[in-house]
Amino acid sequence: MTTSLDAMARAKLAELDAASLKRTLVASDRTDGVHIEREGPTLISFCCNDYLNLTHDPRVKAAAHAATERYGVGSGASRLVTGNHPLLPELEARLARLKGAEDAVVFGSGYLANLGIIPTLVGPKDLILADELSHACLLAGRQLSGAASHLFRHNDAGHLEDVLETHRGSHRRCLILTDGVFSMDGDLAPLPDLVELAERFDAWLMTDDAHGIGVIGGGRGSTFAFGEKLPVPLQMGTLSKAVGGYGGYICASRPVIDLLKTRARTLIYSTGLPPGTVAAAIAALDIIESEPAYCARPVENAALFCRTLNLPAAESPIVPLVLGEAETALAASRMLEAEGFLVTAIRPPTVPQGTARLRFTFTAKHTEDDILRLAHLLRDRGLAAA
Ligand SMILES: *Cc1c(COP(=O)(O)O)cnc(C)c1O
């Protein structure tokens, strides 16, 4: 029997499939932080966000095991009830120290963090200005807040200034949102300019540094990537990329953190992170704080790739190769897979129409040989110049 529900789902899927926009999940057995087994031969992944390969680090795994034995597999409740096991405040103190902030609060994930933070800070009488390429969860938080909002052109501080001049005056509070490192392009936000504008217009700058912690600014993220620490009052990020595990966080002043703990709905109405996950993050931060040369490796590896292909210099471990149509990006991804490299095609709506791409990510443990073989293959197949 076909219900109208199934008919709707089938029609939508057929439409997406025809446009090369249907997505599917593939079981991916990550064996060591660099290699992946799917059906067929082992692949070298150039698309994980595990920049420091900490997902499989023995020290991080041991910490997760020990905490699981000590505290159990789950936290048992929301943090405001009984889920605030002692590892959570310890992790928050460590994050605040790394980021040079007064305090921090940890959420279930980066996505949940943004959904909770943004509506706590601004509401319908207020204004949000966001970079047009900001991550989907910043934009989702913006929608939930009910604030008036405008997008400014990507990394265009001049355009942000125009928008502030036009709109700031008619709103009570103003929040500026940007990725610190852009997730699909790998470029950094022009934070010194954004900080200056935020101060001049009494706006609050919030960076989503999901791809900054552990890999740029000496491992401390985008706030530290421009020399002196910049006064960014709201530094949000995730524990799921270079940190290797799971969870979201924000570092800010104590009153802001106290407000988020008492009002952010995704903190209040969602269960605290499992103890093993929190212990893993603490162990990962130990490594990030004590091994700066290792933390620099992902960007060095991205830089080698860019030099080999005459691409613009890498600013982060993420390097895009924009190919245009979704089908072109899918075909390039399939070609690489046949040659032993896993690089997922990124298509709309994750990126704007006409900018489907291969998104390469580099990790500390990629070898020079892996990187050069990949670059030469792209050159030989006419996907990149040399
Ligand atoms: C991955 C990502 C997130 C989401 O973080 P999760 O912890 O995976 O939910 C948020 N912002 C940016 C920029 C990201 O790349």
Side-chain angles (χ1 to χ4, degrees), residues 9 13-14 16-58 60-61 64 109-111 136 183-184 186 210-211 215 238-246 277 280 297-298 301-302 305 309 317-351 356-384:
L13 286 170
L16 289 166
D17 205 15
S20 295
L21 294 178
K22 185 172 155 198
R23 302 169 185 227
T24 49
L25 297 171
V26 183
S28 303
D29 182 350
R30 299 183 65 242
T31 51
D32 62 1
V34 175
H35 297 90
I36 291 203
E37 287 178 9
R38 289 183 163 181
E39 282 158 31
T42 300
L43 303 168
I44 301 176
S45 172
F46 279 97
C47 59
C48 301
N49 298 318
D50 184 16
Y51 303 118
L52 299 174
N53 315 100
L54 295 181
T55 56
H56 288 66
D57 187 282
V60 177
K61 289 199 281 189
S109 73
Y111 201 112
S183 57
M184 296 299 137
H211 300 275
V215 288
T238 175
L239 305 170
S240 66
K241 293 181 179 154
V243 182
Y246 201 63
T277 303
R297 294 256 298 265
N301 285 339
F305 178 80
L309 292 176
I318 303 165
V319 178
L321 196 61
V322 176
L323 296 174
E325 294 312 309
E327 182 45 50
T328 316
L330 285 175
S333 172
R334 280 194 294 267
M335 181 281 288
L336 289 176
E337 184 161 344
E339 299 289 338
F341 297 108
L342 185 63
V343 185
T344 307
I346 308 284
R347 296 167 281 168
T350 307
V351 292
R357 66 195 65 186
L358 294 175
R359 170 184 178 268
F360 300 91
T361 55
F362 295 85
T363 74
K365 291 201 166 142
H366 282 120
T367 66
E368 185 173 326
D369 180 56
D370 294 338
I371 295 162
L372 294 180
R373 281 196 300 120
L374 173 66
H376 294 155
L377 179 63
L378 291 162
R379 184 195 58 198
D380 295 346
R381 299 300 172 99
L383 289 164

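The analysis underlying the following values was restricted to heavy atoms, covering all of them including side chains, and did not include hydrogens, waters or symmetry mates. Keep in mind the model is a prediction, meaning the values are calculated, not measured. Just so you know, residue 1 is the first one in the sequence shown, and it goes up from there.
- Taking NE2 of His35 as the start and CG of Asp370 as the end, the distance is 6.0 Å to the nearest 0.5 Å.
- From Glu327, atom CD reaches atom CZ of Arg347 across 9.0 Å, with rounding to the nearest 0.5 Å.
- The shortest distance between side-chain heavy atoms of Pro320 and Arg359 does not fall below 4.5 Å.
- Contact annotation: the side chain of Leu383 never approaches that of Leu377 to less than 4.5 Å [non-hydrogen atoms, C-beta and beyond].
- Taken to the nearest 0.5 Å, the CD1 atom of Ile346 stands 11.5 Å off from the CG atom of Leu323.
- With Asp17 contributing its side chain and Lys22 its backbone, the two residues share no donor-acceptor pair below 3.5 Å.
- A distance-only check finds a donor-acceptor pair linking the side chain of Arg357 to the backbone of Met184 [under 3.5 Å].
- In terms of heavy-atom proximity, Ala356 sits nearest to Pro348 at CB-CD, 4.4 Å.
- Put simply, the side chain of His376 never gets that close to the backbone of Arg373: no donor and acceptor are under 3.5 Å apart.
- Note that CG of Leu16 and CG of Leu13 are 6.5 Å apart. Values are rounded to the nearest 0.5 Å.
- Side-chain N or O atoms of Thr361 include one that pairs as donor or acceptor with a backbone N or O of Cys48 at under 3.5 Å.
- Here the closest heavy-atom approach between residue Gly244 and residue Asp50 is recorded as CA-OD1, 4.3 Å.
- The shortest distance between side-chain heavy atoms of Leu342 and Arg38 falls below 4.5 Å.
- Distance CD1/Ile44 to OG1/Thr367: 6.5 Å, rounded to 0.5 Å.
- You'll find the ring centres of Phe46 and Phe362 inside the 6.0 Å limit.
- In terms of heavy-atom proximity, Ala329 sits nearest to Leu358 at O-CD2, 3.9 Å.
- The aromatic rings of Phe305 and Phe360 lie tilted to each other, with the angle between the two planes from 30° to 60°.
- Within the 4.5 Å cutoff, no side-chain heavy atoms of Ile318 are placed close to those of Asn49.
- Panel note: side chain Asp29, backbone Glu37; no donor-acceptor pair is recorded below 3.5 Å.
- Nearest heavy atoms, Thr344 versus Cys47: OG1-SG, 3.5 Å.
- Side-chain contact between Thr363 and Pro317 is absent, with no heavy-atom pair separated by less than 4.5 Å.
- Checked against side chain to side chain contact (heavy atoms under 4.5 Å, CB included), Ala19 has the following partners two or more places apart in sequence or in another chain: Leu21.
- Across Thr238 and Val243, no two heavy atoms sit closer than the pair O-CG2, 4.3 Å.
- Asn53 and Ala364 make their closest contact through OD1-N, 3.5 Å (heavy atoms, listed as atom of the first residue, atom of the second, distance).
- Here the NZ-CG distance, from Lys241 to Leu54, works out to 15.0 Å after rounding to the nearest 0.5 Å.
- Between Arg30 and Ser45, the side chains place no donor N or O within less than 3.5 Å of an acceptor N or O (distance only, hydrogens not considered).
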